[in-house]
Student: 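Just passing along the structure, written as structure tokens.
Here is how names work: the chains are called A, B, and so on, in the same order as the sequence lines, proteins then strands, and each is numbered from 1. As the structure is a prediction and not an experimental result, all values here were calculated from the model.
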Amino acid sequence: MKTEELIRAISAGAGRPPVSMPRVWLAALTGAVLAAGAIFFAVLGPRPDIGQALETTRFLFKFVVTAVLFASAVPVLRALARPGKRPAWPIMLAAPALVLVAIVLELVALSSGQWISSLVGTNAIYCLALIPLLGILPLAAMLAALNAGAPTRPVLAGAVAGICAGGLAAIFYAAYCPDDSPLFVATWYSLAILLLALLGALGGRFVLRW
Amino acid sequence: MLPETDARLAGLLRQALRGDEPAYARFLQEVAAIVRAVARSRLGQLPGSDPEDIVQETLLAIHLKRHTWREDAPVGPWVHAIARYKMVDAFRRQGRVVTVDIEDFAESLAGEEAPVMHARDLERALGCLTDGQRQVVSAISLEGHSVAEAASRLGMKENAVRVALHRGLAAIARAIGKTGT
């Protein structure tokens with residue numbers, strides 16, 4: 001087929017595209033929240049002492065930092081689905097910056113003898129297993145949305161999808177997790193989200209083809 | 001891309017998204033010329049590759065992913081990113097072919113020159129369409145009929161022709177990505 005002939009075929013398809021990216025993202029993010037929520041309430045549920053926990057700054061901080069991570073990854077992810085669009089990378093530093101500040105405050109608040117026990121916590125393995133469990137369906141939804149777009153850097157886009165899904169999963173996980181120290185969050189939540197980022201990068205490498 | 005060129009192409013693409021077929025054809029022709037120039041300079045030294053394949057794959061990708069262009073964004077960076085992605089893809093597939101070919105190296109030296117890829121991916125990709133899709137695609141592309149003419153010739157509704165055309169082009173794009181030899 002000559003290029004002229006191909007152009008004739010394509011131009012006959014002029015008109016409104018069948019897909020709309022805002023709608024794709026709305027569906028993917030709604031699906032991601034519902035999926036993570038469903039797994040959370042089916043498998044985990046909130047911790048028993050959530051009433052008291054809600055009155056502590058450390059517990060509330062977990063929701064702030066994870067929500068900020070999720071919310072800041074979304075626009076970057078959306079940009080990565082659009083060829084030639086530069087993502088606003090600096091906003092993704094917001095959550096790490098918050099964590100750094102919280103670490104400093106925590107180190108000041110605790111005596112140095114408490115540092116290690118706060119970091120190790122009581123539940124690290126659960127954290128590493130359950131955040132990926134909560135995040136796996138959201139990650140799939142985000143990879144599907146990327147696939148409807150046109151990511152020219154599929155591995156990177158997949159990794160950011162993993163971070164975004166990890167942030168969302170961590171919001172829910174935070175309500176279950178009995179460890180509230182920023183030292184614990186900075187270590188284990190980050191590792192768990194990194195696992196999802198790696199999974200997303202792998203997924204991006206092999207699934208995102210167009 | 002000059003700002004004037006970008007503005008003109010963006011205008012054409014906006015019209016195309018509102019259903020203006022001649023504007024879409026003009027847009028695609030201009031984009032084809034731009035991509036052809038880049039592909040020739042980049043792929044010139046790559047044996048067994050035809051820059052026209054890149055042009056065609058890029059045009060197909062532009063069409064199938066046109067919803068990733070926002071009407072308020074410049075069109076140049078979007079087109080370039082898609083073309084670059086398709087070129088990298090071609091290099092990657094070519095790389096795969098080269099590793100396969102090493103074992104047959106002596107044979108291919110002894111035999112005649114490898115056939116030039118004259119947009120043959122696309123030719124082969126036509127073969128993977130359903131009969132209905134192939135009839136529609138070739139009525140419009142090879143025989144130059146409009147959607148309305150193709151519909152009356154094939155005894156289909158216009159909308160069915162549009163759907164078959166869209167699915168056919170999507171299938172061609174998928175097949176090119178898979179075969180890649």
Student: In terms of heavy-atom proximity below 4.5 Å to chain A, should B:Ala139 be classed as side chain, backbone, both, or neither?
Tutor: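 Neither part, no heavy atoms under 4.5 Å.
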Student: Would you check if the distance from the ring center of A:Tyr173 to the ring center of A:Tyr126 is below 6.0 Å?
Tutor: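 Centroid separation for A:Tyr173 and A:Tyr126: 6.0 Å or greater.
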Student: Among the options B:Gln15, B:Arg18, B:Arg70, pick out the one with the most heavy-atom pairs lying under 4.5 Å from chain A.
Tutor: B:Arg70
Student: Kindly determine whether A:Tyr176 and A:Val43 satisfy side chain to side chain contact (heavy atoms under 4.5 Å, CB included), including the steps that lead there.
Tutor: CA-CA 10 Å; A:Tyr176 166 83; A:Val43 182; over 6 Å; no
Student: Just do the side chain to side chain contact (heavy atoms under 4.5 Å, CB included) check on A:Met21 and B:Trp69 with the steps written out, would you?
Tutor: CA-CA 9 Å; A:Met21 283 318 283; B:Trp69 179 65; over 6 Å; no
Student: For chain A, find which of B:Arg36, B:Gln29, B:Arg162 contributes the most heavy-atom pairs closer than 4.5 angstrom.
Tutor: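 Top count of heavy-atom pairs under 4.5 Å with chain A: B:Gln29.
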Student: For residues B:Gln56 and A:Thr3, is any side-chain donor paired with an opposing acceptor at under 3.5 Å?
Tutor: yes
Student: So which of B:Leu64, B:Val161, B:Ile82 has the largest heavy-atom pair count under 4.5 angstrom toward chain A?
Tutor: B:Ile82
Student: Check whether any side-chain heavy atom of B:Leu59 lies under 4.5 Å from a side-chain heavy atom of B:His63, and answer yes or no.
Tutor: no
Student: Under a 4.5 Å heavy-atom cut-off, does chain A meet the side chain of B:His166, its backbone, both or neither?
Tutor: side chain
Student: Counting heavy-atom pairs closer than 4.5 Å to chain A, which one of B:Pro22, B:Pro74, B:Ser141, B:Ala32 comes out on top?
Tutor: B:Ser141
Student: Could you give me the CA-CA distance, side-chain angles and deciding distance for B:Glu57 and B:Tyr85, then say whether side chain to side chain contact (heavy atoms under 4.5 Å, CB included) is met?
Tutor: CA-CA 10 Å; B:Glu57 285 177 42; B:Tyr85 178 75; over 6 Å; no
Student: Which answer fits A:Pro22, side chain, backbone, both or neither, if we ask what part of it has an atom under 4.5 Å from a heavy atom of chain B?
Tutor: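 Nothing of A:Pro22, per the 4.5 Å heavy-atom cut-off to chain B.
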Student: Tell me which of these, B:Val136, B:Leu28, B:Val88, has more heavy-atom pairs under 4.5 Å with chain A than the rest.
Tutor: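 Sorted descending by pairs with chain A, the first entry is B:Leu28.
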Student: Which bit of A:Ala12 comes within less than 4.5 Å of chain B, counting heavy atoms only: side chain, backbone, both or neither?
Tutor: both
Student: Could you tell me how the ring of A:Phe184 sits relative to the ring of A:Tyr189: parallel (under 30°), tilted (30 to 60°) or perpendicular (over 60°)?
Tutor: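 Answer is perpendicular, since the angle exceeds 60°.
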Student: Report which part of B:Leu169 has an atom under 4.5 Å of a heavy atom belonging to chain A: side chain, backbone, both, or neither.
Tutor: side chain
Student: What residue, out of B:Val147, B:Val79, B:Leu165, has the most heavy-atom pairs lying under 4.5 Å from chain A?
Tutor: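 The residue among B:Val147, B:Val79, B:Leu165 with the greatest pair count is B:Leu165.
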Student: For the pair B:Ile62 and B:Trp78, evaluate side chain to side chain contact (heavy atoms under 4.5 Å, CB included) and give the outcome as yes or no after the intermediate values.
Tutor: CA-CA 9 Å; B:Ile62 281 175; B:Trp78 181 70; 3.8 Å; yes
